[in-house]
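Scope of the values below: all heavy atoms of this structure, side chains included, with no hydrogens, waters or symmetry mates.
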Amino acid sequence: MRLSQYYLPTLKEDPKEAEIASHRLMLRAGMIKQTSSGIYVWLPLGLRVLKKIEEIVRKEQNASGAHEILMPTIQSADLWKESGRYDAYGKEMLRISDRADREMLYGPTNEEMITDIFRSHIKSYKSLPQNLYHIQWKFRDEIRPRFGVMRGREFLMKDNYSFDLTKADAVHSYQKMYLAYLRTFAAMGIQAIPMKADTGPIGGDMSHEFIVLAETGESDVFVDKAWMDADLTGDGIDYNNRAKLDNFYQALTSMYAATDEKHDPDNAPDNLIHTRGIEVGHIFNFGTKYSEAMNAKVQDQNGDMVTVEMGSYGIGVSRLVGAIIEANHDDDGIKWPEAVAPFSVGIINLKPSDRDCTEACNDLYTKLEKAGLEVLLDDTEDRGGTKFANMDLIGIPWQVVIGPKGLEQGTVELKKRATGEKKEVTLDSILEMLSGEAK
RNA sequence: CGGAGUGUGGCGCAGCCUGGUAGCGCACUUGCAUGGGGUGCAAGGGGUCGUAGGUUCAAAUCCUAUCACUCCGACCA
């Protein structure tokens, strides 16, 4: 992408409404624009990141055996009346009526709808287990939206729902998601620790919140130092290998990790790390709460009707954009992990009026794009300083700085945003280096 | 919902107390110079002062209503 032709409205000054780093940086980097309280437009740069995160989530869900569907944002109130939550949900639910005065709502979650989808076609134990997910916009009319996309009213969420015949099978489904979540967050370049969570009004005995460690996070967390060295991706474990998966789960859940509400100093280990974090995922098993209320049953081997065991699992996709920034930024701007970066390489043309310099930039740009890299070429007339500041702000992992002085020597500067490390390299070697490192 | 604030060009703000026909910085346009970490000089463009009423010869400024947004608190993926 050529910056001169892109829509990237970066800001030099901090917008006054943004209090925390990720919100401030997303506005300054031209990723989002607020249209109403807690509702945002995703501008080109922001959307690129959102899509990357979404794709990482999707990939691991598929790997775990879940099937993607897409449920509508607008739901009929009928299903919610059936589960009893239409009255229970309160003002957080955005209620609307259609032209025939039917009661509708903008979905805050999908347990009712998915249960209806399940029961309408699945009638036999032979069809179990099932795990369906979708990545869709939700709306919760928060009392007080804040922190930009981290706590918006409209948000993109991956939610899935498992259906099993027995409690033991449901445990397996739960553990699969536990692992899938760990792998998903690791693939994004962030560290998310599963912490025992309150199951709240939904109930059930198994529930974990996945919390990204970030010093600027919103809640206090206490974790065993052992988490830092633990294998969090279950290297080599197949989702269908129950024994191995269970061992992995037992090993991890035996390590201490708690938010301040759940923190118990008396039972905490000595080597405790006290830091802050942001919840980016939540998994729980809630047994038969919805299947019971909505009559989701299958026949077992004996022909008896059995109410299915359910679990639900959420990842805050849009929230992750903010969370990743909270965990990866400095005073100059964002430092994207490569897996979610909007572009992997930025090229800075220090002197657009210099023909050779511009030619070298265009040439490298074309080559890198051909090699499959996503490249942002700053071909504007701005000064070098402006370009450096902008590139740091939007956090492109690799920056190639090309100017007449270096070109005389046949070199360009390669800068790694995450560390600030710079080195002079030859123009010829850069393609190879970047294809290897930034791919 | 309780408490506290803010709405003036794209962004950040001054002006309001003490009414007199709107200003500053950044950004933008043009020209010249410049070109290795937010460049200098010069000339420009852009504003229903959130909205609606009212007071007044005259309202960004005073009064009333209303809308939006932000922050603190209870609540949350």
Side-chain angles (χ1 to χ4, degrees), chain A residues 9-20 23-24 27-28 30 33-39 57 89-93 107-110 135-160 181 192 197-198 200-202 207-212 218-219 259 261 278-284 312-323 332-333 348-354 357-358 378 380-393 399-409 411-413 415 420 422 424:
Chain A
T10 56
L11 302 171
K12 196 168 170 179
E13 289 169 278
D14 287 333
K16 63 174 174 180
E17 73 266 25
E19 287 295 304
I20 63 165
H23 188 195
R24 202 169 60 232
L27 289 166
R28 282 193 55 205
K33 171 179 164 56
Q34 177 168 315
T35 62
S36 289
S37 179
I39 303 179
V57 171
Y89 219 91
K91 286 195 166 182
E92 266 203 351
M93 179 185 281
T109 180
N110 289 64
I135 299 174
Q136 178 64 291
W137 292 91
K138 308 280 192 293
F139 193 93
R140 290 183 194 171
D141 202 354
E142 295 283 346
I143 296 170
R144 184 171 165 224
R146 63 183 110 179
F147 306 143
V149 299
M150 296 239 290
R151 179 84 182 283
R153 291 195 292 173
E154 189 181 48
F155 56 98
L156 187 61
M157 181 177 173
K158 184 285 301 176
D159 46 322
N160 59 328
Y181 275 35
D198 204 347
I202 294 177
S207 179
H208 286 91
E209 287 178 356
F210 287 75
I211 297 188
V212 172
E218 51 191 350
S219 48
T259 57
E261 301 95 43
I278 302 156
E279 183 184 351
V280 292
H282 198 160
I283 60 179
F284 48 99
S312 81
Y313 318 86
I315 290 180
V317 175
S318 49
R319 161 177 279 200
L320 267 164
V321 180
D332 295 328
I348 289 178
N349 183 348
L350 279 179
K351 193 170 181 184
S353 60
D354 183 298
C357 186
T358 296
D378 190 341
T380 64
E381 297 293 328
D382 288 327
R383 307 279 300 195
T386 303
K387 295 182 177 184
F388 292 128
N390 246 310
M391 211 53 100
D392 283 348
L393 173 63
Q399 299 170 15
V400 182
V401 183
I402 302 182
K405 287 180 191 168
L407 283 180
E408 281 175 27
Q409 262 60 250
T411 63
V412 297
E413 181 188 285
K415 174 177 166 182
K422 302 173 201 168
E424 295 292 318

Q: Using atom NZ of A:Lys16 as one end and atom P of B:rA4 as the other, report the distance to the nearest whole Å.
A: 19 Å

Q: Please pick, from B:rC75, B:rG35, B:rC69, the nucleotide with the shortest atom-to-atom distance to any side-chain atom of A:Arg383.
A: B:rG35

Q: Please tell me if the side chains of A:Asn349 and A:Cys357 come closer than 4.5 Å, counting only heavy atoms from C-beta onward.
A: yes

Q: May A:Phe388 be described as stacking on the base of B:rG38, applying a 5.5 Å centroid limit and a 30° limit on plane angle?
A: no

Q: Nearest whole Å is fine: how far is B:rG12 C1' from A:Arg28 CZ?
A: 12 Å

Q: Tell me the partner of B:rC57, counting only Watson-Crick (N1-N3 plus N6-O4 or O6-N4) or G-U wobble (N1-O2 and O6-N3) with both under 3.5 Å; none if nothing fits.
A: B:rG20

Q: Just name whichever nucleotide pairs with B:rG2, Watson-Crick or G-U, keeping both distances under 3.5 Å, else none.
A: B:rC72

Q: Both distances below 3.5 Å, Watson-Crick or wobble geometry, any strand: find the nucleotide opposite B:rG37.
A: none

Q: Tell me: CD of A:Glu381 to P of B:rG40, nearest whole Å?
A: 17 Å

Q: Roughly how many Å is it from CD in A:Gln34 to C1' in B:rC69, rounded to a whole number?
A: 7 Å

Q: Both A:Lys33 and A:Thr386 contact RNA chain B. Which one's nearest nucleotide lies toward the 5' end?
A: A:Lys33

Q: Calculate the interatomic distance between A:Glu19 atom CD and B:rU6 atom C1'; express it in whole Å.
A: 13 Å

Q: Expressed as a whole number of angstroms, how long is the span from A:Lys422:NZ to B:rG37:C1'?
A: 7 Å

Q: Heavy atoms from C-beta onward define the side chain here; which of B:rG38, B:rG36, B:rA77 lies closest to that of A:Phe155?
A: B:rA77

Q: Can you work out whether A:Ile143 or A:Glu13 has the more 5'-proximal nearest nucleotide on RNA chain B?
A: A:Glu13

